[in-house]
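One structure is given here, and the rest of the page talks about it.
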Amino acid sequence: MDGRILVGTSSWADPGFVKEWYPKGLPAKERLPWYAQRFEGVELNSSFYAIPDRNVVRGWAESTPDGFVIDVKVHRALSRHSAPLDSLPPDLRDGARTNQRGRVLLTEELEEALAGRLVEETAPLAEAGKLGAFLVQLTPAFAPGKNDLAELDGLVSSLRSRPVAVELRHRAWMAHKRIDATLGWFTERGVAFVCVDAPPGEHVPIMPPIDATTRDDLAYVRIHGRNTDGYMHGKTVAERFGWRYSDEELEEIGTRARALAESAADVHVMFNNNRDDDAPTAARRFRALLGQEPGGEDQLSLGDAP
């Protein structure tokens, strides 16, 4: 194994974490430092809903140790999800167009402005050497035939100051007849293809477990749990992504991550099975199985129950 495998979770402020994982009564401002004692990286999830303020971002940079990495999920409008007008920064709302339901219509001008604002507001992380990748989690509605990956070229260009990782959510992108063209776009644009561990099934929004390294410095894996019925029909995050990974399942993911590390300098493995403490529990167990030090006073050993 040549590359580093960096393990974290998809958020550090999930309500389930607060309820089940953090020490009772731990102040909100102390959660990220406590988290950073146990992991080397994390995904910022709140940026999907609103562009963060740089002063808040500076606080994150200052409260985490050297080498800690924060991957930033881009705003939902940029990833082609439905977005209400009030999710935009106030000064970008007046010029924005909306549909009959009040949802933002993404134009080239708005895309450039919104992506530029995200880069500006996360600058304190970049300056501290703690900004990882910009994560574009596409909607399943972004589908081949209806859409073309080249539609993302402008967004990728606007975010080019850091690596960009794109997670597809429509499995037809990886169909046998299309997979070469799909991965070709990722390689040609220098975009990291997001690999997934997802529930079994061939439903449209369930991506197959295909691994690919499309840039030398970064491979990216997101862990979504394996509850097919919950993933497809759940109404809440806990119902959709809740899953207690067994050691055997984590070893499978470890095999995949190690293979990716043979061709990428860094492999980010982010656990998104966000129900109660499922994600941090699995992620720390995963670190132990990889031979990494899980950190914190509550150390894990390979003899501990998952």
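Pairs passing the side chain to side chain donor-acceptor pair (under 3.5 Å) check and including a residue from residues 80-94, sequence neighbours excluded, read His75-Ser87, Arg80-Glu111, Ser82-Arg103, Asp91-Arg117. Sorted by first then second residue, the salt bridge (charged side-chain N to carboxylate O under 4.0 Å, His left out) pairs that include residues 194-213, not counting sequence neighbours, are Asp197-Arg226, Asp197-Arg256, Asp211-Arg256. Every pair tested for ring pair (Phe, Tyr, Trp, His ring centres under 6.0 Å) that includes a residue from residues 88-136 fails, sequence neighbours excluded, so the list is empty. Within the structure, the ring pair (Phe, Tyr, Trp, His ring centres under 6.0 Å) test picks out the following pairs touching residues 271-293 (sequence neighbours left out): Phe271-Phe286. Sequence neighbours left out, the pairs with a member in residues 149-184 that pass ring pair (Phe, Tyr, Trp, His ring centres under 6.0 Å) are Phe142-Trp173. For residues 98-129, no residue pair satisfies the ring pair (Phe, Tyr, Trp, His ring centres under 6.0 Å) rule, not counting sequence neighbours.
The closest side-chain heavy-atom distance from Val42 to Ser11 is not below 4.5 Å. Trp243 is not listed as a side-chain neighbour of Ile223, based on a closest heavy-atom distance of 4.5 Å or more. Side-chain contact between Thr122 and Leu131: present, with at least one pair of heavy atoms (C-beta onward) separated by less than 4.5 Å.
Checked by atom type and distance alone, the side chain of Thr228 pairs as donor or acceptor with a backbone atom of Pro200 at under 3.5 Å. Within the 3.5 Å criterion, the main-chain N or O of Phe68 finds no donor-acceptor partner in the side chain of Lys130. The main-chain N or O of Pro124 is never found under 3.5 Å from a side-chain atom of Arg58 such that the two would form a donor-acceptor pair. No side-chain donor-acceptor contact under 3.5 Å links Thr9 to the backbone of Pro280. Arg54 contributes no side-chain N or O that, together with a main-chain N or O of Ala123, makes up a donor-acceptor pair within less than 3.5 Å. Between the side chain of Gln292 and the backbone N or O of Ile5, at least one donor-acceptor pair lies under 3.5 Å. Side chain of Glu121 to main chain of Leu118: no donor-acceptor pair is present (N/O by atom type, distance under 3.5 Å, no hydrogens or angles). With Thr213 contributing its side chain and Ala219 its backbone, the two residues share no donor-acceptor pair below 3.5 Å.
The two residues Asp278 and Asn273 come nearest to each other via the heavy atoms CB-O, 3.2 Å. The shortest non-hydrogen separation linking Thr214 to Leu183 is CG2-O, 4.2 Å. The shortest heavy-atom contact between Gly8 and Ala283 is O-CB, 4.1 Å. Taking both residues in full, the closest heavy atoms of Ala13 and Val18 are given as O-CG2, 4.4 Å, listed atom of the first, atom of the second, then distance. Nearest heavy atoms, Ala141 versus Asn147: O-OD1, 3.4 Å. Shown here for Leu289 and Arg258, the closest heavy-atom pair between the two residues is O-NH2, 3.6 Å.
In this structure, the ring of Trp12 has its center no less than 6.0 angstrom from the ring center of Phe17.
Through direct or indirect side-chain contacts shorter than 4.5 Å among Ile, Leu, Val, Met, Phe, Trp and Tyr, Val237 is connected to Ile206, Tyr231, Met232, Phe241.
The local environment of CD in Glu20 is crowded, with over 12 non-hydrogen atoms from other residues, nucleotides or ligands closer than 6.0 Å. A 6.0 Å sphere centred on CD of Glu248 holds no more than 12 heavy atoms belonging to other residues, nucleotides or ligands.
Using modelled atom types and a 3.5 Å distance limit, the side chains of Thr64 and Tyr35 yield no donor-acceptor pair. For the 3.5 Å distance criterion, the side chains of Gln137 and Arg76 fail to qualify, holding no donor opposite an acceptor.
Applying the side-chain hydrogen bond (donor to acceptor under 3.5 Å, both in side chains) criterion to Asp14, with sequence neighbours excluded, gives no partner residue. Under the side chain to side chain contact (heavy atoms under 4.5 Å, CB included) criterion, Asp216 pairs with no residue, sequence neighbours left out. Listed by chain and residue number, Asp148, Asp153, Arg189 satisfy the side chain to side chain contact (heavy atoms under 4.5 Å, CB included) test with Ala150 (two or more places apart in sequence, or in another chain). Shown here are the side chain to side chain contact (heavy atoms under 4.5 Å, CB included) partners of Asp71, two or more places apart in sequence or in another chain: Glu43, Val69, Ala133, Tyr220, His268, Met270. Looking at residues two or more places apart in sequence or on another chain, you find a side chain to side chain contact (heavy atoms under 4.5 Å, CB included) between Ala192 and Ala165, Arg215, Leu218.
A cation-pi contact links Lys73 to Phe48, judged by a cut-off of 6.0 Å to the six-membered ring centre and 45° from its axis.
Ion pairing between Glu239 and Arg275 fails under the 4.0 Å rule for side-chain N and carboxylate O. Salt-bridge formation is not detected for the pair Arg287/Glu293: no Lys NZ or Arg NE/NH1/NH2 atom is positioned less than 4.0 Å from an Asp or Glu carboxylate oxygen.
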